Number of protein chains: 6
Amino acid sequence: MRFDGRRQDELRPFKVTLHPNKYAEGSVLIEAGDTKVLCTASVEERVPPFLKGQGKGWVTAEYAMLPRATQSRNQRESIKGKPAGRTMEIQRLIGRALRSVIDLEALGERTLTIDCDVLQADGGTRTTSVTGGFLALALAIHKLSGTVTFARYPITDYLASVSVGVVEEQAVIDLNYEEDSKAKVDMNVVMTGAGSFVELQGTGEDSPFTRSELESMLALAETGIRRLVDWQKNTLGEAGSAIGGGLA
Amino acid sequence: MRFDGRRQDELRPFKVTLHPNKYAEGSVLIEAGDTKVLCTASVEERVPPFLKGQGKGWVTAEYAMLPRATQSRNQRESIKGKPAGRTMEIQRLIGRALRSVIDLEALGERTLTIDCDVLQADGGTRTTSVTGGFLALALAIHKLSGTVTFARYPITDYLASVSVGVVEEQAVIDLNYEEDSKAKVDMNVVMTGAGSFVELQGTGEDSPFTRSELESMLALAETGIRRLVDWQKNTLGEAGSAIGGGLA
Amino acid sequence: MRFDGRRQDELRPFKVTLHPNKYAEGSVLIEAGDTKVLCTASVEERVPPFLKGQGKGWVTAEYAMLPRATQSRNQRESIKGKPAGRTMEIQRLIGRALRSVIDLEALGERTLTIDCDVLQADGGTRTTSVTGGFLALALAIHKLSGTVTFARYPITDYLASVSVGVVEEQAVIDLNYEEDSKAKVDMNVVMTGAGSFVELQGTGEDSPFTRSELESMLALAETGIRRLVDWQKNTLGEAGSAIGGGLA
Amino acid sequence: MRFDGRRQDELRPFKVTLHPNKYAEGSVLIEAGDTKVLCTASVEERVPPFLKGQGKGWVTAEYAMLPRATQSRNQRESIKGKPAGRTMEIQRLIGRALRSVIDLEALGERTLTIDCDVLQADGGTRTTSVTGGFLALALAIHKLSGTVTFARYPITDYLASVSVGVVEEQAVIDLNYEEDSKAKVDMNVVMTGAGSFVELQGTGEDSPFTRSELESMLALAETGIRRLVDWQKNTLGEAGSAIGGGLA
Amino acid sequence: MRFDGRRQDELRPFKVTLHPNKYAEGSVLIEAGDTKVLCTASVEERVPPFLKGQGKGWVTAEYAMLPRATQSRNQRESIKGKPAGRTMEIQRLIGRALRSVIDLEALGERTLTIDCDVLQADGGTRTTSVTGGFLALALAIHKLSGTVTFARYPITDYLASVSVGVVEEQAVIDLNYEEDSKAKVDMNVVMTGAGSFVELQGTGEDSPFTRSELESMLALAETGIRRLVDWQKNTLGEAGSAIGGGLA
Amino acid sequence: MRFDGRRQDELRPFKVTLHPNKYAEGSVLIEAGDTKVLCTASVEERVPPFLKGQGKGWVTAEYAMLPRATQSRNQRESIKGKPAGRTMEIQRLIGRALRSVIDLEALGERTLTIDCDVLQADGGTRTTSVTGGFLALALAIHKLSGTVTFARYPITDYLASVSVGVVEEQAVIDLNYEEDSKAKVDMNVVMTGAGSFVELQGTGEDSPFTRSELESMLALAETGIRRLVDWQKNTLGEAGSAIGGGLA
């Protein structure tokens, strides 16, 4: 039994509000327990300099926490003068993960920026950002497909993420802040709808982990992500019907 | 008749969600039409260096917009490396305004930071931040009063703010973005519950304004702010009962 | 009677040195009591990116204080790495105010940058910068008119600024530093030669102000600015003769 | 057969120069094929603010590449004004990894900073930095043990790192730049001498990877790191004899 | 004959205004031809961290140009975010030069900051800043000596500076901007009243210079600085009488 | 006799490793006693904006020290957010010095960037950087001459640099750190193979120096640089044969 009464393999309650933002091409407010992330997808009809003239698009992500998303207030990064190392690490992960299921040639010369702003943080903000960021991206591309004719549908598969860890000698899934601060291992896993790995980031700073602990965590992650992808399919409904379809 | 059908002196629908944040000592999500601002008040038991050892507290504010709060996406200020001039101007205004109804000696050696994060912007974000920031501040001090014994109640009066302007030769209140971009004058007014002025900032960049236009705008602002203060009293209820009471 | 013996409605002695800088297209050293501001106007035959190709010009301002312009030395903003919030707020005000009397279409695709560098500060640096900045701008455009044929004269009216406030329960004009630090209200007013308002910025941080105090301050400002505009007309002489004339 | 003729499980030639720096408490120049990293360990008798007064030490790492460490020259990060996201991500990884085999209480209130400066980069700079950084750290602590009496020897185990990946459908170890740019998966693994995992970072940006590919890569990494640890033991000789010994 | 009709060894007209700033402990406006530098000396009763508790004082300098001090406008360094390399090089030179004639032990634990702000630049701004900065420093220390009892007078000698160069095959002194831009060598010399060298900085970027050209330039510099020191003695009068006196 | 037993006019042992970097067009590791500098020359087929379209090339230098190049560790400049004043001063000197022997028209529209990274510092890092930077530059241009047909050979002469100073009343050459910290004068001299001066930078911060001390230092420098140039000729051999030859 875990601190909050969940089973070892039990995700926190997931909740989504679609279209919370009237300007963004796609947006969701995603909640995993007390973690709340506002994800917006913005479309711009240009690409970064390194991609100009190649007929390819780009997907990138930015991540930030509101100053009081956490138990004690953090200084704003605009005042520090630059994003912290942790922030950059997280947004690079989200961007890489989302691009793994996007066919950039099919997308054409446009950029989608996924902003993941954490309104409240209770563990798992990066994995929730991937899962919610995928939904915002999918909504924006579905909307785009109403005005743009894609040669192929640019989203090749579903994508979701969850954290796993070892807390008090037991492998558990979807750690909240309290568990996270007590975990000897913390691993973030991103997988596709087809069940392949996109990112695997495990850290045993306080205590290294064994191969068998790794196997237990991977098993939990695989099951959990399968459940998250099913939930994403229900959430998107019609807006997700072309995903992975290839021909648009 | 205005673009959105409102009368000249008609405020947009105001809506508030109390305590949207589980960590902050006080928090509200305030909406004025399509403008949505998340206001949190954070208490720290220390004061800035320039106030140390004087037995006085401090109230300060920070303001920011999420990148996609607006019609087209804005670059994050953490990436630009510093808050824009407009941001600093607005947060200095919010801080000054809130301090005008706080008895810093009564507050004691602690700092309240009011974060106003604009989730969606449709005009009037700075005035809505003042009005909502006051509510978050009042909730936090009410909560503090449960554990701290104040010599006097630190909030001396209510405080609210509204914009007024001249659009198509007509003075109007609480401009949305569309009106704002067409206004020849744009004035932000902050007033206390007692009806005194705290801030008056009027700008006629595109076209100077006459004394009589000024009088019309002031009249609208006075009526509108009276209405906002009444609404604040209802919103806070018991939590606002000691405001202006002097003795705690 | 005020600290320095002035009457309630009495401006400090104004003094101007024309053309103190041999390179700038227009320049003045303006003194209001012990406040000294060097204002230069620089012409560049290009416009900022957001105006390119629109056939319009631009007027912008920058403001700074020398480190020892004040009683105790301030750190340079180049060392802090960015202009302070106060600096940005002031230079945005000066720029907006100057643009209000410039016909940007008539000016053509060129930029005038007005630099206001405070050599010595004794209150009223921002209002003195507006009043002196207007003179430098007028000198530069007068000089330009010798080589460029304008369809219309680009300056539509005179422009001056003064501060007013309430000190020891009395409304006064043109506050020096000592008065400023004791004022319960501080208001900066910018008006055109025709008597319209361009900027009105009143702050009652320490103590809100009443409608009747506002009226007294506005009356003082209107009279004072009328006097400043007369003085500007004398100062510019022939160089100001086309201002507001419309046809060049 | 790989591009450079190596077998699938063959490491590049490893080479080390001990004590290349006459000032640092510990230093090595480590070479893995054409990748060359200068690692220095610096001891300071103080800890960061967040650790003050807790009787614990700290180990941190910094990573940088010389501008021409790569095929085309990169701009210096001191000129960009901040370390890039990639740099921060790497140095956070190196620091976390090294701390996993340090007993911070045993170390006492001192900080060891491991600088990993890449003189030439041909793939695997972060893993080579971990492996070489450990050697520099071990030399410095061995030197310290000559003057400081530790309650327990502060290094609890050996630590080494290697990259693995999937190139042309085949799992391979210790990728050089050419392989790295063609790999569909790139995974960095850090393990202790006892064979536990400290960090696992796998990314399949261009193409997700299967569970079976993951197993192949893990097997290669385990074997390779075992060989690296043996090589470290030979390299350190007497200087490593107390590692993991517990009692000093 | 030179461009402006001066002889080879003729300085430009020097002019000084004493005490142009009412707040600074010492200040001069120094003019060398059309080069105008405002020098202020500010006293603070503290020393930088690296000198704390050593019973010694510190003298440092800062240098800046107003944006329109030059023929075309320069961007402010506060907007660029940092002082340019040229600025730092110059202010380090001024500081070192001034410290060479200050007895830091005699000064006691206080800091004098000499700000050299160039109002108008026509060549020789750094040498004029040294010569004028010395005057401001001397005035401030003379003023200090009215309230502080120094064990020894802290100024050990006079100090002045001038530029020399080779223009059209001829060695000349005190180059203006036009000469400077045509010079094949440019050398800045700082000397004490006693005739010793403090700084010698010669650069032959466009064309190296011979030993005999060096001798000619040194001879010009020695004569010119002797004249400048005489002029400084007249300028300071009584305020300079204790310089080099040793006993206070 | 000096601290390390050298004669007054004796250089430290010079050593060079050619081509230590496999990517750079030219590179050397130069050692002067315990001072070690890695110099790389990078060729880019473009010029900075201020030179575009003029048919001329550019040579520039960057200088940095690894954090533990010195006795105690220094903070990285990428973390401070900008190069220190000392760094900028040094790299500006290196760049100017190298350009003095380059025929920029002959070089054509390309940029050579000379990076001087100090691996270990024991005095004389800037002069060693000039001497070694010239070698890297010469190697890169020699390599270029294999693929590019120059109208004239772009290197007009050899170039070397050495420090001289006065230590314990005696003029000495090529000071190491210990001498440098005890020197009353420190002068860096850069000269061409033909014996002309390119840079002369002498500083007598702690104690001004006389004309006769200057003469002694210049004599030492002239002899020492002649020796260094001979050594450079031997080092470059065939690769230096076209230097100063004019026709390519």
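All chains are named by letter (A, B, ...) in the order of the sequence lines, taking the proteins before the strands, and each is independently numbered beginning at 1. Keep in mind the model is a prediction, meaning the values are calculated, not measured.
- Look at C:E44 and E:R73 and you find no salt bridge, because none of the NZ, NE, NH1 or NH2 atoms lies under 4.0 Å from a carboxylate O.
- At a 4.5 Å heavy-atom cutoff, the contact between C:N21 and chain E is made by backbone and side-chain atoms alike.
- The side-chain heavy atoms of E:R76 and C:D117, taken from C-beta on, include a pair separated by under 4.5 Å.
- When heavy atoms are compared at a cutoff of 4.5 Å, C:T70 approaches chain E solely by way of its backbone atoms N, CA, C and O.
- Taking a cutoff of 4.0 Å between a charged side-chain nitrogen and a carboxylate oxygen, C:E25 and E:R68 qualify as a salt bridge.
- No more than 12 heavy atoms of other residues, nucleotides or ligands sit less than 6.0 Å from atom OH of C:Y177.
- The parts of C:D122 that come within reach of chain E are both its backbone and its side chain, each placing non-hydrogen atoms under 4.5 angstrom from that chain.
- Within the model, atoms CD of E:E77 and CD of C:E77 stand 12.5 Å from one another, a figure rounded to the nearest 0.5 Å.
- A side-chain donor-acceptor contact under 3.5 Å links C:Y23 to the backbone of E:A121.
- Crowding of E:R46 atom CZ: a count of heavy atoms from other residues, nucleotides or ligands under 6.0 Å not exceeding 12.
- Proximity to chain E (any heavy atom under 4.5 Å) is restricted, for C:T40, to the side chain, taken from C-beta onward.
- Put simply, of C:L66, C:D115, C:L38, the one with the most heavy-atom pairs under 4.5 Å next to chain E is C:D115.
- Between the side chain of E:Q120 and the backbone N or O of C:K22 there is at least one donor-acceptor pair closer than 3.5 Å.
- Going from atom OG of E:S42 over to atom CG of C:N74 covers 9.5 Å, rounded to the nearest 0.5 Å.
- For a residue to count as touching a neighbouring chain, one of its non-hydrogen atoms must lie under 4.5 Å from one of that chain's; by this rule C:A41 touches chain E with the backbone only.
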